[in-house]
Novice: 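Shown below is the structure under consideration.
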Amino acid sequence: MGGGRGGNKRGRTQRRHFKQHRENVWKRSKSDNPPSDNSTWEPFATENIAFNEYYKEQEIVPEEEWDIFMKVLRKPLPAAFRINSSTQFFEDIRSQLENDFMKSLASEVTDEGEVEAIRPLPWYPENLAWHLNFSRMQLRKNQTLERFHEFLKQENEIGNITRQEAVSMVPPLFLDAHPDHFVLDMCAAPGSKTFQLLEMIHQSTKPGSLPDGMVIANDVDVQRCNLLIHQTKRMCSANLIVTNHEAQHFPGCHLDKNCIDASDLGNNKDPKINKLLFDRVLCDVPCSGDGTLRKAPDIWRKWNAGMGNGLHRLQVLIAMRGLALLKVGGRMVYSTCSMNPVENEAVVAEVLRRCGGSVELLDVSSELPQLVHRPGLKKWKVRDKGIWLASYKDVPKYRRDGIMSSMFPSGRSFKEEKTVSDGPHEGIAPSDNTHETGNPNSSANGHQTDNNIESKQEIGQLESFLNQSDVSDEEMSSFPLERCMRIVPHDQNTGAFFIAVLRKLSSLPATLGNHTYQHGQLTSENLDLPKQLPDEIIKDTNGLAINPSEDGADNQYSETTSDVDLRDKPEGDSGPDSLGICEEGNEPEETQKDGSGETDHVREKQGKGRLQIQGKWRGVDPVVFFKDEATISSIKEFYGIRESFPLNGHLVTRNSDTHHVKRIYYVSESVHDVLKLNFHVGQQLKITSVGLKTFERQTSKEGTSSACAFRISSEGLPLLLPYITKQILCASLVDFKHLLQYRSIKFADFVDAEFGKKASNLMLGCCVIVLNKGDQISSDPIQVDASTLAIGCWKGRTSVSVMVSAIDCQELLQRLSVHFGGKEDSLMQEIKPSIVQEKAGQTMNSAEVDRESETVAQAIVG
């Protein structure tokens, strides 16, 4: 998730690096490395004295394992990938790995600690995740691995596999998501875990049906949201919403019906849910990332203890927000790719401390018995500005804004006790060494203005004082932190990871509100509201009438926009559908009014609060329910879509002008309910992507003459396929292969003349060609099951052209060859050579359609 903000702004890290003109350490100019016969690439240094000292002191591994731990940590990370179980060919891919590549690559083992070149991860269900004993660099450079590398690239591009670090696959497995669950991925980008969650939601779903659950994938950085959308688009799910919020301020969308007149709710249909709560929450928070040293060696040179200290506060806030959004009885997984206990056990302990028995830490070690892991730490220290701190009472007073009591095992603040910073050292100011503390508020001038005390001199006195005094006994947490799981690199040749599984037993304490830290203590002041905001904007945030939730977390601030949203809000702009979702006919410019002149959606009530409609989300198109009955009827009529498939109320667009809609998206019932709720609470969710692209407007010259202005997109075809009764044909294996191979075939040139005749009788426009598996009688209605293969095509005036990309055609041909062998090869020769020669003049439709549509895959049902 990182620290970036939404909109068109750069992320914080990106902005900081831009301002500092930080060099790109991965890209070296040619002038820096002049070509020579003896020149060799110099790897990053894999040594950091501060790192060694810090983790030896924390005892994250026994002393006798330290050398092997460091040895493995310095090695490149082996590649890993996961087979996407949602694809129809996942069993073929698994079989190819087990029976082909495991044998052919047996002699290519490069790691002395490994026996096999590739192997399934023993703890991942059904052999769907694989570990390669090659780094990405080795895969690219080793000629003997070329065929395997090409296989991986092709399957990854199509979406049959997902390249993902092995330990990154673990948190979703412990989340235990079911098809009827509402799931929130709080810090979702780049999206590999979200993809796993979608697979769990869609597990065992019948062809043409959708699960009752849904996934909301959120990320703070809008550019990373685009990466997230690209990653999850391959799943073709109508049960996904992608949002762009700071995770610690994710909206709860609590609907207070007392704030809206009954007639308003009646006009728009009362939403089925009145608050956005989740059965499962994945809280994979931003972290220092030192568990990824094997794949990101640049971390070695810039690592310092302050990286973790600086993120602790944010991590606690995100975890607490996740628990506030979790249903009672629900499960949340907190995870990081860091080894630092300040980011891991300290956060979990603070969460348990705040929740006061309403949340328990689960022991899930038996759920994946073959996953080797270590128990969480019960004791640790905090390092700040080169000094070890065993207890919060050791923290100098001037450092207590950066070093909090929650970072220590006991979490005690020792308010009543005299501390090191009392007396002559009370006025010591922080130095400019902010990179180690992680605290951006430290003084930049090296001295305290009031007392004019030089920083270096006073820090030296402080260190001398600490060395002479008795440091407090090491603290130990009273919480069962051993139930947390630490994955270390040398156990199973992976990266490092931390996982804690929490279950919500009851509502959170009502005293938990807008908690912030002050001198290491939890306070109720709303410190997160930007001080520079105008008073009227801050007032607007408090104007949204929302009842306090049973969690005590749905307060005025946390349930409204975050500070970034407030900054992006144009002053005086309060259009009801300028963000999120709106109803057609209720446009912000022409808000309907009743006889009294009051708007239908927003009225001030005597004795009641006023529902504040949020301003526009910059750079985000509105989500609009598509209700153009003429267009919907033409689509249903043209494709013969059965009445059993619900279209009305499930179609949305990103353009309020229905005459210029280019794409129509389909949303599941669960997503529909969330969108309706979001509308009623004033567009609190900043939605960057929603639903499954199902229909696309024709734009080619020939397409505009079609009876239907919209064609079926490849992403939406699997969902629609069981309900299509028109513009659909069943082709023999040989003709199906011909279409994939030659891309466009004249009606008269199909091997099956009857098929060619039927194709010529179709209406001009989009059509669907289904593979006849041998048991389908041409006169029967086409039967669809989980094994059905279909592709979207364009029926032109003289030919049929496929709307499938070249790489997808190639992949599908390969899979057909595996299934059916070469029994049709002789028939493939029946196609006339002249057809191939004439293709250049006949594929106008195919070329135009390819330009219009995005890369498309074969339609897979189930």
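Any value given below was found using the heavy atoms of this structure, including those in side chains, with hydrogens, waters and symmetry copies removed. By convention here, the first residue in the shown sequence is residue 1.
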Novice: Which heavy atom of Phe497 sits nearest a heavy atom of Pro171, and at what distance?
Specialist: CE2-CG, 3.5 Å
Novice: Scan side-chain atoms only and decide if Ser288 and Ser338 contain a donor-acceptor pair under the 3.5 Å cut-off.
Specialist: yes
Novice: Using salt bridge (Lys or Arg N to Asp or Glu O under 4.0 Å) as the criterion, list what pairs up with Lys327, not counting sequence neighbours.
Specialist: Asp279
Novice: Could you tell me whether the side chains of Ser192 and Gln231 share a donor-acceptor contact shorter than 3.5 Å?
Specialist: no
Novice: With sequence neighbours left out, write down each residue that passes side-chain contact (heavy atoms from CB on, under 4.5 Å) with Pro62, or none if nothing qualifies.
Specialist: Glu64, Glu65, Arg374
Novice: Just jot down the side chain to side chain donor-acceptor pair (under 3.5 Å) partners of Ser365, sequence neighbours excluded, or say none.
Specialist: Asp363
Novice: Cut-off 3.5 Å, side chains only: do Asn493 and Arg294 have a donor facing an acceptor?
Specialist: yes
Novice: I need the Leu323 CG to Cys283 SG distance, nearest 0.5 Å.
Specialist: 7.5 Å
Novice: Go through the structure and list residues passing salt bridge (Lys or Arg N to Asp or Glu O under 4.0 Å) with Arg483, not counting sequence neighbours.
Specialist: none
Novice: From Leu282 CG over to Ser335 OG, what is the distance, rounded to the nearest 0.5 angstrom?
Specialist: 5.5 Å
Novice: State plainly whether the residues Lys193 and Asp284 are in salt-bridge range, i.e. N to O under 4.0 Å.
Specialist: yes
Novice: How would you list, by chain and number, every residue that makes a side-chain contact (heavy atoms from CB on, under 4.5 Å) with Glu165, sequence neighbours excluded?
Specialist: Leu77, Val167, Ser168, Thr292, Lys295
Novice: Salt bridge between Asp67 and Lys71, side-chain N to carboxylate O under 4.0 Å?
Specialist: no
Novice: Ignoring hydrogens and geometry beyond distance, is a side-chain donor-acceptor pair present between His312 and Gln315 at under 3.5 Å?
Specialist: no
Novice: Locate the shortest heavy-atom distance separating Ala305 from Asn340; write the atom from each residue and the value.
Specialist: O-ND2, 4.2 Å
Novice: Does Tyr392 have Arg400 sitting over its ring (NZ/CZ under 6.0 Å from centre, angle to axis within 45°)?
Specialist: yes
Novice: Please name the pair of heavy atoms, one in Trp380 and one in Met407, separated by the smallest distance, quoted to 0.1 Å.
Specialist: NE1-O, 2.7 Å
Novice: Of all residues at least two apart in sequence or in a different chain, which pass the side chain to side chain donor-acceptor pair (under 3.5 Å) check with Asn48?
Specialist: none
Novice: Between Glu475 and Ser410, what is the shortest heavy-atom contact and its length?
Specialist: OE1-OG, 2.7 Å
Novice: Taking only residues two or more places apart in sequence, or in another chain, which ones meet Lys378 in a salt bridge (Lys or Arg N to Asp or Glu O under 4.0 Å)?
Specialist: Glu482
Novice: Can you tell whether the side chains of Glu47 and Arg74 come within less than 4.0 Å, N to carboxylate O?
Specialist: yes
Novice: Decide, yes or no, whether a salt bridge links Lys686 with Glu246 under the criterion of side-chain N to carboxylate O below 4.0 Å.
Specialist: no
Novice: Run the side chain to side chain donor-acceptor pair (under 3.5 Å) test against Trp303 and tell me which residues pass, sequence neighbours left out.
Specialist: Asp290
Novice: By side chain to side chain donor-acceptor pair (under 3.5 Å), which residues pair with Gln196, not counting sequence neighbours?
Specialist: Tyr124, Gln164
Novice: Would you say Phe498 and Val347 make side-chain contact, with heavy atoms under 4.5 Å?
Specialist: no
Novice: Holding to salt bridge (Lys or Arg N to Asp or Glu O under 4.0 Å), I want the full list of residues that pass it with Glu59, two or more places apart in sequence or in another chain.
Specialist: none
Novice: Below 4.5 Å, heavy atoms only, C-beta onward: do Gln248 and Leu314 meet side chain to side chain?
Specialist: yes
Novice: Checking Tyr54 against Trp388 for the ring-ring contact (aromatic ring centres under 6.0 Å, His included) test, could you report, in this order, the C-alpha distance in whole Å, the side-chain angles of both residues, the deciding distance, and whether it holds?
Specialist: CA-CA 9 Å; Tyr54 185 83; Trp388 283 107; 5.6 Å; yes
Novice: Once ring-ring contact (aromatic ring centres under 6.0 Å, His included) is applied, do any residues pair with His490, and if so which ones, sequence neighbours excluded?
Specialist: Phe69
Novice: Scan residues 329-360 for pairs that pass ring pair (Phe, Tyr, Trp, His ring centres under 6.0 Å), counting only residues two or more places apart or in two chains.
Specialist: none
